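Here's a structure for you.
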Amino acid sequence: MAKAPPRIGARPGLSPRERKRRLDDRRLTAAQRGYDAAWRRLRDAVIVERGLRCDQCKRIGALWMRDATPTMPVLEVDHIISVAERPDLRLEPSNLRVLCRPCHSRRTARDQGFARPGLRW
Ligand SMILES: [Zn+2]
């Protein structure tokens, strides 16, 4: 009996949009990813301690989203070495830096492979 021919192309590729949606569905909640109460306290302390200033563009920003303006974006705290790489450094102040949301978005895009590789901040 003849074998069935290989079914090349039987599963059409997903569009980038659909692929992203499926990835998002698999993401854990903020708390499961380690962004819990201890993290939020540390985050606020680090932002205030470092003068409400973005470490990248040196712009003064806002501690809370509700205080943000077009010229004063909300500040976020970034892990210099990602939590995925070093979970033990998650709450280590020397592994944290303050970035405004635009700078943080650029860095996150790079981490996810959408920006030029090899650029290390
Ligand atoms: Zn910035």
Side-chain angles (χ1 to χ4, degrees):
M1 200 172 81
K3 277 186 190 167
R7 291 162 52 88
I8 295 168
R11 280 179 41 195
L14 297 172
S15 68
R17 186 197 184 95
E18 175 67 5
R19 200 173 300 146
K20 180 175 186 316
R21 195 186 65 76
R22 293 193 182 191
L23 276 173
D24 288 347
D25 286 348
R26 274 210 305 272
R27 284 179 66 169
L28 303 171
T29 67
Q32 285 170 321
R33 278 181 281 130
Y35 296 96
D36 52 13
W39 162 252
R40 288 195 301 271
R41 269 197 304 277
L42 177 64
R43 168 214 174 265
D44 293 355
V46 164
I47 291 175
V48 171
E49 191 179 283
R50 302 191 190 176
L52 294 168
R53 189 181 287 272
C54 172
D55 190 48
Q56 189 66 27
C57 67
K58 309 300 180 193
R59 174 159 51 177
I60 298 288
L63 182 58
W64 303 107
M65 191 63 216
R66 63 171 180 266
D67 299 329
T69 68
T71 54
M72 215 173 76
V74 70
L75 294 167
E76 298 176 344
V77 173
D78 177 52
H79 287 95
I80 298 167
I81 302 172
S82 74
V83 177
E85 265 176 84
R86 290 290 304 270
D88 54 315
L89 297 181
R90 183 172 74 87
L91 300 175
E92 168 54 51
S94 66
N95 187 41
L96 303 177
R97 77 183 138 184
V98 177
L99 293 177
C100 68
R101 177 162 285 181
C103 288
H104 199 193
S105 300
R106 276 199 294 280
R107 171 184 155 80
T108 304
R110 187 213 62 196
D111 284 354
Q112 293 175 354
F114 298 123
R116 198 159 58 86
L119 185 71
R120 190 90 199 175
W121 290 353

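Bear in mind that the values here come from a model prediction, so they are computed numbers and not experimental data. Counting convention: from 1, in listed order, for ligands and their atoms alike.
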Exercise. Report the distance from atom CG of Asp44 to atom CH2 of Trp64, rounding to the nearest 0.5 Å.
Key: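 The CH2 atom of Trp64 is 4.0 Å from CG of Asp44, to the nearest 0.5 Å.
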
Quiz item: Of all residues at least two apart in sequence or in a different chain, which pass the side chain to side chain contact (heavy atoms under 4.5 Å, CB included) check with Ala37?
Solution: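 Result, side chain to side chain contact (heavy atoms under 4.5 Å, CB included) vs Ala37: Arg40, Arg41.
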
Quiz prompt | Hydrophobic cluster identity match, Val48 and Trp39, side-chain contacts under 4.5 Å | solution =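 The answer is yes; both residues are in one hydrophobic cluster.
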
Exercise. Determine how many protein N/O/S atoms sit closer than 2.8 Å to the Zn ion (ligand 1), leaving waters out since they are not shown.
Key: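 There are 4 of them.
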
Quiz prompt | ILVMFWY cluster, Val98 and Ile60 together (side-chain gap under 4.5 Å) | solution =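 No.
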
Quiz prompt | Pairing residues for Leu89 by the side chain to side chain contact (heavy atoms under 4.5 Å, CB included) criterion, not counting sequence neighbours | solution =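 Checked Leu89 against side chain to side chain contact (heavy atoms under 4.5 Å, CB included); matches are Ile81, Arg86, Glu92, Asn95.
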
Just list the side-chain donor-acceptor pairs under 3.5 Å for residues 68-80, sequence neighbours left out, or say none.
{"residue": "Thr69", "atom": "OG1", "partner": "Thr71", "partner atom": "N", "Å": "3.4"}
{"residue": "Thr69", "atom": "OG1", "partner": "Thr71", "partner atom": "OG1", "Å": "3.4"}
{"residue": "Thr69", "atom": "OG1", "partner": "Met72", "partner atom": "N", "Å": "3.0"}
{"residue": "Glu76", "atom": "OE1", "partner": "His104", "partner atom": "ND1", "Å": "2.6"}
{"residue": "Glu76", "atom": "OE2", "partner": "Arg101", "partner atom": "NE", "Å": "2.6"}
{"residue": "Glu76", "atom": "OE2", "partner": "Arg101", "partner atom": "NH2", "Å": "2.9"}
{"residue": "Asp78", "atom": "OD1", "partner": "His104", "partner atom": "NE2", "Å": "3.3"}
{"residue": "Asp78", "atom": "OD1", "partner": "Arg107", "partner atom": "NE", "Å": "2.9"}
{"residue": "Asp78", "atom": "OD2", "partner": "Arg97", "partner atom": "NE", "Å": "3.2"}
{"residue": "Asp78", "atom": "OD2", "partner": "Arg97", "partner atom": "NH2", "Å": "3.1"}
{"residue": "Asp78", "atom": "OD2", "partner": "Arg107", "partner atom": "NE", "Å": "2.5"}
{"residue": "His79", "atom": "NE2", "partner": "Arg90", "partner atom": "O", "Å": "2.9"}

